[in-house]
Every structure is written in structure tokens, then in C-alpha cells.
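Here is the structure we will look at.
Remember, it's 1-based here, ligands and their atoms both numbered in the order they're listed. The analysis underlying the following values was restricted to heavy atoms, covering all of them including side chains, and did not include hydrogens, waters or symmetry mates.
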Amino acid sequence: MEPIPVAILGATGAVGQRFVQLLDHHPWFKVTTLCASDRSVGKTYVEGCRWLLDSPMPEWARDMILQPTVLEAVNEPIVFSALPAEVAQDLEPALAEKGCVVCSNASAHRMDEDIPLLLPEVNAEHVELIHQQRQRRGWRGAIVTNPNCTSTGMTIVLKALDQVFGVKRAIAVSLQALSGAGYPGVASLDIVDNVIPFIRGEEEKVSLEPRKMLGTLKNGHIEYHPLTISAQTNRVAVLDGHMVCLNVECETRPSPEEAIQVLEAFALPDWLANLPSSPRPPIMVRRENDRPQPRLDRMIGRGMSTIVGRVRADEVLDLKMVVLSHNTIRGAAGASIYNAELIVQKGLLP
Ligand SMILES: NC(=O)C1=CN([C@@H]2O[C@H](COP(=O)(O)OP(=O)(O)OC[C@H]3O[C@@H](n4cnc5c(N)ncnc54)[C@H](OP(=O)(O)O)[C@@H]3O)[C@@H](O)[C@H]2O)C=CC1
Ligand SMILES: N[C@@H](CC(=O)OP(=O)(O)O)C(=O)O
């Protein structure tokens, strides 16, 4: 098929750069517009972007001129948004009204009733909410969001366990990478030799977003999962990869070995598993007693897999384990691209 033109908003940031990297040689999508703030507009991408990734900036991106982040600059059928939430708030609905399908990382519209908070491994059927948006709001396009990067890996694990054992309560303690705070992010004098036990708004998102994703779509409306989550979130001196120490209580108490078998057997239907960005495998269980580790394991499945280790019986709830997910790939740009592939596959582009 002809490549589908796509735009990237916030193209110079930590997540925007991942979009540029992951869309290089993408089999379906071709980047035709890069947008940034007024600070960068008019510069070439190579001038306006402090490239932080360990592969070279793609040749096609280097000389593209950064466009203003305004409605008139964007005419592509698919728009990837890596905007600050306050900028996304009004612009994303305006783009959806104009006819663009916006695949967004920003938190601004994640919890809106008719907007899917989509993780294909967990709730691919929620994409049908696009029809509600079009009916209720009169949009030709749509907004589809991906979750907070800490919510991402743990929700995939909770889904696998919920399908078999039912999940009732969870305690999540995160160790979050620096790239999660964007660029330049946290000052080195704050984080070297240190852990910061506060990330604004994060605990609220990690407690609530999984309940929407694990919820049931009934009559065009999502009934949230009754699961209760207690979250504590911390910033640590890791570059990429968010780790979550997760304790889970189930309806039916599994042994650690039963839980491992369920996690290893977690599979996607063929139509999802065959999308270009689908994680292969969706979940990998490490049985060594000192894994997963961010530096060693975050790129498993090209950064799209969820890695689980240290699955043990818990003295307070039923199970405890450690979950690792690449925050700017599975938790951000890779997530949006995977969602866009799902939308194309379902024939939901206008
Ligand atoms: N980093 C992560 O792991 C995750 C991030 N997110 C979300 O993704 C979004 C982007 O995050 P991240 O890449 O980390 O942030 P960065 O701060 O690294 O990048 C922000 C980007 O937005 C642009 N921008 C800033 N202000 C404006 C403005 N007023 N108008 C237009 N563009 C603007 C910047 O352009 P310029 O360079 O010109 O200033 C830059 O391209 C945020 O909503 C964040 O919450 C979600 C999940 C994970
Ligand atoms: N808050 C996350 C990254 C992020 O921006 O998430 P959100 O889009 O949910 O605010 C982190 O610090 O790692």
C-alpha cells in the first residue's frame, strides 16, 4: 500500500525523538510534518533538536523544517502527539474535528468518557469508542490515547492475571527512569546519588488508569474494573525503563508457578500479533533471581515487551513480582504507533 502520511507534534522532545526513530523505515507510515514550540519553529530538525538516542538521527529528518504547533500546519490523516498536556488540551480535539486521527501520549484526554485509553494487549475492543466520539462530537477524525508509562507494563501483567485468577487489589511501587521527565528533565545535582520519592500527578494516574483499561465496554460506555491500586512512585538515576514492584491479591490465589505459566502463555490474537509494532513476546518472564534489570532487559522485543521477574508468594497479598517496561518505547512512542496500526487495521481512518 501507499505509505500513510503522518505528523509528529512535540517532535524535538524525549518522546518526539522516539517517534522519529521508530518511524524510520516504518512499513506503513511516512513522516511528512514535524512540529515543535515557538523556540524551534523555522529551524531544521538537526538544528532544533538535541538528539539523545543511540542510533543516528535518520537522514530524512535532518533537514525537515520545524513547523508551528497550530491547526493549519497539520493536514495528515494520522497525527502523533508528544505535546505537554496543557498544549494538547485544546489542540488535539481541534485536530480531531478537522479530520485527523490523533494518537496521543499526553494525559489531557486519557480519562474522557468517549476516548479510548488503549493498550492493544489489554483492551483492543475499546477502540470502538471512536464511533461514540464521531456521533457525539461530530468529529471526522478521532483521539486515541496511550497510558502513562508506569501504568503500561503493570496493566498488561494485571490483564494476564485477571483473565485467569481475577485481580482484586494491588500495591505498586515504581522506580522510574529519567527520560520519563522529558528533556532536560531532572537536574543532575538532584538525582545523582539520590532517589526522589515524588512525581507530580503520577500516583493518581497509576491508581486509576489501569481500572479504565481493564474495564468492560458495554453499550458504548466503559465500566471501570473494581480493582483497588495503592501506588508510590519514585524517580531513580536510570536513563530508560520504568520498573514496578507489584504485589497482587487475586480472587483465586495462584501459586507462583501457576502465575508464571499464565504470564508466559499470554498471547495475542493473530490480527494483533501481526501488526508491525506488536510486542514479540507480549510478556517475557525472567526466572533468574536478579532480573529484570533496566539496562539489560529494557530492549527485549525491540522495547515493546513487558518483562516480569521475581514472581513469588506474598506474605500480605497473594503474589509479588517486578515488572519492567521501556517508558519512551512501550510506554510512549511505540505505544502510539502500535495504536495507529490497530486503527488502520480496523479501517477506522476517516
Ligand atoms: N517521557 C515519557 O516517558 C513519557 C511522556 N509522556 C507524555 O508525552 C508528552 C511529551 O513528553 P516528553 O517528550 O517527555 O517532553 P519533552 O519536554 O522532552 O518535550 C516536549 C516537546 O513539546 C514541545 N513543546 C513544549 N512546549 C510547547 C508549546 N507550548 N507548544 C508546542 N510545542 C511545545 C517541545 O518543543 P521544543 O523543543 O521546541 O521546546 C518538545 O518537542 C507529555 O505530555 C508527557 O507527559 C507520556 C508517557 C511517557
Ligand atoms: N510522569 C511520567 C511520564 C509522563 O509524562 O507521564 P504522563 O503523560 O502520564 O504525565 C514519568 O515521569 O516517568
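- Any N or O atom pair closer than 3.5 Å counts here, and T328 shares no such pair with ligand 1.
- The part of C149 lying near ligand 2 is the side chain, judged by heavy-atom distances below 4.0 Å.
- A side chain to side chain contact (heavy atoms under 4.5 Å, CB included) with V238 is found for one member of Q176, M243, R298 and no other, namely R298.
- Using a 30° and 60° split on the angle between ring planes, H26 and F29 fall in the parallel class, below 30°.
- In terms of protein heavy atoms, atom 12 (P) of ligand 1 is closest to V15 CG2, 3.9 Å.
- Proximity annotation for atom 15 (O) of ligand 1: of S336, S40, G182, A333, G182 comes nearest, heavy atoms only.
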#### Entry: Step-by-step side-chain hydrogen bond (donor to acceptor under 3.5 Å, both in side chains) determination, Y338 to S278
CA-CA 7 Å; Y338 191 19; S278 199; 3.0 Å; yes
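- If you check each of T12, N148, T152 against atom 34 (C) of ligand 1, the one with the closest non-hydrogen atom is T12.
- Of the listed residues (R330, R295, R18), just one forms a salt bridge (Lys or Arg N to Asp or Glu O under 4.0 Å) with D240, and that residue is R18.
- Under 4.0 Å from ligand 1, heavy atoms of P84 appear from its side chain as well as its backbone.
- No salt bridge links D318 with K168; every basic N to acidic carboxylate O contact stays at or beyond 4.0 Å.
- Remark: minimum distance from atom 19 (O) of ligand 1 to any protein heavy atom is reached at G13 CA, 3.2 Å.
- Near R110, with a cut-off below 4.0 Å to any heavy atom, the atoms of ligand 2 are 7 (P), 8 (O), 9 (O).
- Considering only non-hydrogen protein atoms, atom 39 (O) of ligand 1 sits nearest to R39 NH2, 2.7 Å.
- At a 3.5 angstrom cut-off on N or O pairs, G331 does not count as close to ligand 1.
- Near K205, with a cut-off below 4.0 Å to any heavy atom, the atoms of ligand 2 are 7 (P), 9 (O), 10 (O).
- Ligand 1 has no atom lying under 4.0 Å from any heavy atom of S107.
- The backbone and the side chain of A36 each have at least one atom closer than 4.0 Å to an atom of ligand 1 (non-hydrogen atoms only).
- Note: no N/O pair closer than 3.5 Å links E209 and ligand 2 by distance alone.
- When N148, N146, T328 are each tested for a side chain to side chain donor-acceptor pair (under 3.5 Å) with N105, only one passes: N146.
- Between E97 and R134, none of the side-chain N atoms (NZ, or NE/NH1/NH2) sits under 4.0 Å from a carboxylate O, so this pair counts as no salt bridge.
- For atom 4 (C) of ligand 2, the closest non-hydrogen atom on the protein side is G180 O, 4.0 Å.
- When only non-hydrogen protein atoms are considered, atom 48 (C) of ligand 1 lies nearest to C149 SG, 3.3 Å.
- Inclusion of A106 in the set of residues having an N or O under 3.5 Å from an N or O of ligand 1 is not warranted.
- The shortest contact between atom 6 (O) of ligand 2 and any protein heavy atom is with N148 ND2, 3.5 Å.
- The pair K30-E2 does not count as a salt bridge, with every side-chain nitrogen at least 4.0 angstrom from each carboxylate oxygen.
- Between the side chains of T150 and E202, at least one donor N or O lies within less than 3.5 Å of an accepting N or O.
- Classification of R253 and D314 as a salt-bridged pair fails, no side-chain N sitting under 4.0 Å from a carboxylate O.
- The proximity of S179 to ligand 1, defined as any non-hydrogen pair under 4.0 Å, is limited to the backbone.
- Here atom 12 (O) of ligand 2 lies nearest to R235 when heavy atoms of E202, Q176, E204, R235 are compared.
- The proximity of N105 to ligand 2, defined as any non-hydrogen pair under 4.0 Å, is limited to the backbone.
- Residue A14 places at least one N or O, backbone or side chain, under 3.5 Å from an N or O of ligand 1.
- Nearest protein neighbour of atom 3 (O) of ligand 1, counting heavy atoms only, is N327 ND2, 3.2 Å.
- Of the protein's non-hydrogen atoms, the one nearest atom 13 (O) of ligand 2 is H242 NE2, 2.8 Å.
- Here R287 pairs with E257 in a salt bridge; the nearest charged N to carboxylate O distance falls below 4.0 Å.
- The parts of N105 lying near ligand 1 are both backbone and side chain, judged by heavy-atom distances below 4.0 Å.
- Summary of contacts: the protein heavy atom closest to atom 23 (C) of ligand 1 is G10 CA, 4.0 Å.
- The distance criterion of under 3.5 Å between nitrogen or oxygen atoms is not met by H242 with respect to ligand 1.
- The shortest separation from a heavy atom of L83 to ligand 1 is under 4.0 Å, placing the residue in contact.
- Distance screen at 4.0 Å: atom 30 (N) of ligand 1 has a protein heavy-atom neighbour inside the cut-off.
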